[in-house]
Undergrad: 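Pasting a structure here, questions to come.
Proteins get letters first, then strands, A, B, ... in listed order; numbering begins at 1 in each. Both backbone and side-chain heavy atoms feed into the values below; hydrogens, waters and symmetry mates do not. The model shown is predicted, which means the values in this text are computed figures rather than measured ones.
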Protein chains: 2
Amino acid sequence: MATETDSGATRRGLRRPGLASRRIPLRLNDAELAARHGEDRKFVWSLARAFELLHAFRPGQGPLGNAELSARTGLPKATVTRLTYTLTQLGYLRQSELDGRYQPSPALLAIAYPVLANIGIRQMAQERMQRLADHTGASVALSSPDGDMMIYVSACSSSALDALLLDIGSRVGMTQSAAGRAYLSSLEDDEREAMFEHFAGRLGPDWADLKPRILDSIAEIRERGFCYVDREWREDVRAVATPIADLDGTTRMALTVGGPAFALAPEQMVEDFGPRLVHLARGLSRAPMR
Amino acid sequence: MATETDSGATRRGLRRPGLASRRIPLRLNDAELAARHGEDRKFVWSLARAFELLHAFRPGQGPLGNAELSARTGLPKATVTRLTYTLTQLGYLRQSELDGRYQPSPALLAIAYPVLANIGIRQMAQERMQRLADHTGASVALSSPDGDMMIYVSACSSSALDALLLDIGSRVGMTQSAAGRAYLSSLEDDEREAMFEHFAGRLGPDWADLKPRILDSIAEIRERGFCYVDREWREDVRAVATPIADLDGTTRMALTVGGPAFALAPEQMVEDFGPRLVHLARGLSRAPMR
DNA sequence: CCATGCGTTTCGCATAGCGGAACCTTAACG
DNA sequence: CGTTAAGGTTCCGCTATGCGAAACGCATGG
């Protein structure tokens, strides 16, 4: 009997936890937040599940089958079948004729498009970013905060670097990246403090190492307008970044020049790229009109 | 009693139709298809509703409130509240502090990102597209089919055209645009015939006008590799386009050069841009490796 | 042939989530 | 200030929804 009851409880009980506690499902709202929705009459769980599923697709890893999706998300096979089916019908997933596995379809770009269109500064910045990319031979990007990540909303690279290092939509950690620190520097003290609390909670002991480095970067920005971060985000990448506001004057973002460490000399980053970046940001901030 | 029953029936009955028959909610799966899901045990309606809601946001139209969303989608206010609430929690919508209205957030870009990363030819094309844009002074784009639309998956513009005419994720009609016709030309006869059936169904009487023009464009492509479409998609836009395949060799796409009619002379489009475009497509198709 | 692995289908059940209606706010107006 | 209007949220009863364990199909492949 106890078994019976337990099994029932577990079966239902697993539902939420499947999303909530296990494996940090929603990368931006903390797991705790998700857990808090346990009794929330307003929260639509099937939606959360579907997005978690979409999130299981990673760039460059190619198509995924239902089994793989089930494994990654922790959702039961039947549920995955239903979700992939629905998403396919809606056109957001595309199923390979051959192996029946799924891939996100361009339709997703279409729903993401209004995001781009709503970032006023993007349009203005585009050309000048490209010029800066050409001059520096590195990648230039504009990024916007999202949880504890920075998301690229615009990206240019020079011909020198054959492939774009990172493209629109890619994400870099807010704490380790130059972009993230530039953004953090633009926050009010109390806002930044709140973020720090989050980080502390998330990172635990590592935070002690990280915090001073972030503070250094912020001080650097205060002093000369940009920060230089060398191989912290990734072993092989260095970048400079500066904060910038969108045309509405409130939305905070970051502007970055970066690239593979082997191709970029630290001096040129600090002496040339950094100042140019600041110049660009200034130019965009006192934007003529609109 | 009859009233009672009817009201009940209507109440529930309205649900599906709210998505299905009314106002062509899912732009790519035909309304008919959606309607067909009436009894489909596998179809998750809340998902469809949520995406319809996301789809209500249009580029450049700024943030939307729940009322507006309710009006646009035909979903009841309470439902909209629940959905916006959930999407906000998940981070895909962002709510303005001031007026409480919603806007799609960059998190959407992050879920769309794998789409870009999976299109192999994108990376290779980027630089050469940019060069072509610089040379022509027009916009160069790579687009992928989605239902009866072409969606831009890559876009370059020259410095000459200050703003990007269209950005990644924007959509143009398959029937009217050069890109769409280039894509159509790359289909097998039976596939194309199937598309034509769709169009005929969708467009009704207009189809009679449109079809010959599409066939002309296709003939043009057969003959000289590209088609030139002048102010059909929009009053003020002209473009040339050519078909191209992704690296996998199967996924069909289109490559376009286009821009405002006043800035582009028909002769240069046909004599210079078109041939260059074809050259570019050829170069990309016999891509060296990978 | 039986195992293994993927995918779909079935089906009974609890509840998720729907939506009409009531209920707050704010704002504007007379 | 009442009053109307327009946005939004909350309530709440009800059932269709969508969940997921388990059974089933269907390929591989040893």
Side-chain angles (χ1 to χ4, degrees), chain A residues 3-20 37-50 52-53 63-89 93 95-102, chain B residues 3-20 37-50 52-53 63-89 93 95-102:
Chain A
T3 328
E4 209 40 338
T5 317
D6 260 323
S7 133
T10 315
R11 189 187 146 213
R12 285 296 157 191
L14 265 182
R15 266 209 214 161
R16 257 62 124 314
L19 256 191
H37 290 299
E39 289 314 312
D40 196 338
R41 281 301 246 101
K42 283 197 293 185
F43 195 80
V44 181
W45 281 96
S46 49
L47 238 191
R49 280 186 273 261
E52 197 194 352
L53 196 148
L64 298 176
N66 281 343
E68 181 68 16
L69 285 168
S70 170
R72 291 195 184 199
T73 57
L75 299 170
K77 287 199 302 172
T79 301
V80 170
T81 301
R82 233 174 303 120
L83 290 177
T84 51
Y85 172 79
T86 305
L87 286 168
T88 305
Q89 291 295 323
L93 288 182
Q95 187 170 21
S96 154
E97 306 273 329
L98 283 83
D99 54 7
R101 293 190 303 175
Y102 298 92
Chain B
T3 326
E4 208 40 337
T5 317
D6 261 324
S7 135
T10 314
R11 189 186 145 212
R12 286 298 155 187
L14 265 181
R15 264 208 217 162
R16 258 62 123 312
L19 257 189
H37 289 300
E39 289 314 312
D40 196 339
R41 288 292 253 105
K42 283 197 294 185
F43 195 80
V44 181
W45 281 97
S46 49
L47 238 191
R49 280 187 272 260
E52 198 195 351
L53 195 149
L64 298 177
N66 281 343
E68 180 69 15
L69 284 167
S70 170
R72 293 195 183 199
T73 57
L75 298 170
K77 286 201 301 172
T79 301
V80 170
T81 301
R82 232 174 306 118
L83 290 177
T84 51
Y85 172 80
T86 306
L87 286 168
T88 306
Q89 291 297 323
L93 287 183
Q95 188 170 19
S96 152
E97 307 272 329
L98 283 83
D99 55 6
R101 293 190 304 176
Y102 299 91

Undergrad: Looking only at side-chain N and O atoms, does B:K42 come under 4.0 Å of OP1 or OP2 in C:dT9?
TA: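 Checking B:K42 against C:dT9: at least one side-chain N or O falls below 4.0 Å of OP1 or OP2.
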Undergrad: Under 4.0 Å: is that the gap between some side-chain N or O of A:T81 and OP1 or OP2 of C:dG7?
TA: no
Undergrad: Considering only heavy atoms and no angle criterion, is a donor-acceptor pair shorter than 3.5 Å present between the side chain of A:K77 and the base of D:dG20?
TA: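 Side chain to base: no pair present.
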Undergrad: Could you measure the distance from the CG atom of A:L64 to the OG atom of A:S96? Nearest 0.5 Å is fine.
TA: 12.0 Å
Undergrad: Of the listed nucleotides (D:dA21, C:dG19, D:dG8), which one gets closest to any side-chain atom of B:P76?
TA: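 For the B:P76 side chain, the nearest candidate turns out to be C:dG19.
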Undergrad: Could you state the atom-to-atom distance from CZ of B:R72 to P of D:dG7 in whole Å?
TA: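 Between P of D:dG7 and CZ of B:R72: 13 Å.
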Undergrad: If you only use heavy atoms from C-beta on, which nucleotide in C:dG7, C:dT9, D:dG18 is closest to the side chain of A:A78?
TA: C:dT9
Undergrad: Rounded to the nearest 0.5 Å, what separates atom CG in A:L69 from atom OG1 in A:T79?
TA: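 With rounding to 0.5 Å, CG (A:L69) is 12.0 Å from OG1 (A:T79).
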Undergrad: For the pair A:T86 (side chain) and B:V44 (backbone), establish whether a donor and an acceptor sit closer than 3.5 Å, ignoring hydrogens and angles.
TA: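 At least one qualifying donor-acceptor pair exists.
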Undergrad: Would you kindly give the CG-to-P distance between A:L83 and C:dG7, to the nearest whole Å?
TA: 14 Å
Undergrad: I need the CG-C1' distance between B:D99 and D:dG7, as an integer number of Å.
TA: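 So the CG-C1' distance, B:D99 to D:dG7, works out to 11 Å.
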Undergrad: Take A:L47 and A:N66, find for each the nucleotide of DNA chain C with the closest heavy atom, and name the residue whose nucleotide sits nearer the 5' end.
TA: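 The answer here is A:N66.
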Undergrad: In whole Å, what is the span from the CG atom of A:L93 to the P atom of C:dG7?
TA: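 Spelled out: CG on A:L93 to P on C:dG7 is 13 Å.
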Undergrad: Please determine which of B:L47, B:L83, B:T73 meets the side chain to side chain contact (heavy atoms under 4.5 Å, CB included) test together with B:E52.
TA: B:T73
Undergrad: Within this structure, what is the CG-to-C1' distance between A:L75 and D:dG18, rounded to whole angstrom?
TA: 13 Å
Undergrad: Considering only side-chain heavy atoms of B:R101, which listed nucleotide, D:dG8, D:dG18, D:dG20, is closest?
TA: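 Output: D:dG8.
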Undergrad: Please report the distance, rounded to the nearest Å, between CG in A:L69 and P in C:dT8.
TA: 11 Å
Undergrad: Taking the side chain of B:S46 as heavy atoms from C-beta outward, which of D:dT10, D:dG18, D:dG20 is closest to it?
TA: D:dG18
Undergrad: Please report the distance, rounded to the nearest Å, between CG in B:L98 and C1' in D:dG8.
TA: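 Distance check: B:L98 CG to D:dG8 C1' gives 16 Å.
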Undergrad: Using whole Å, report how far CH2 of A:W45 lies from C1' of C:dT15.
TA: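 Atom CH2 in A:W45 sits about 14 Å away from atom C1' in C:dT15.
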Undergrad: Main chain of B:T84, side chain of B:T88: is a donor-acceptor contact present, judged purely on distance under 3.5 Å?
TA: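 Yes; at least one donor-acceptor contact below 3.5 Å.
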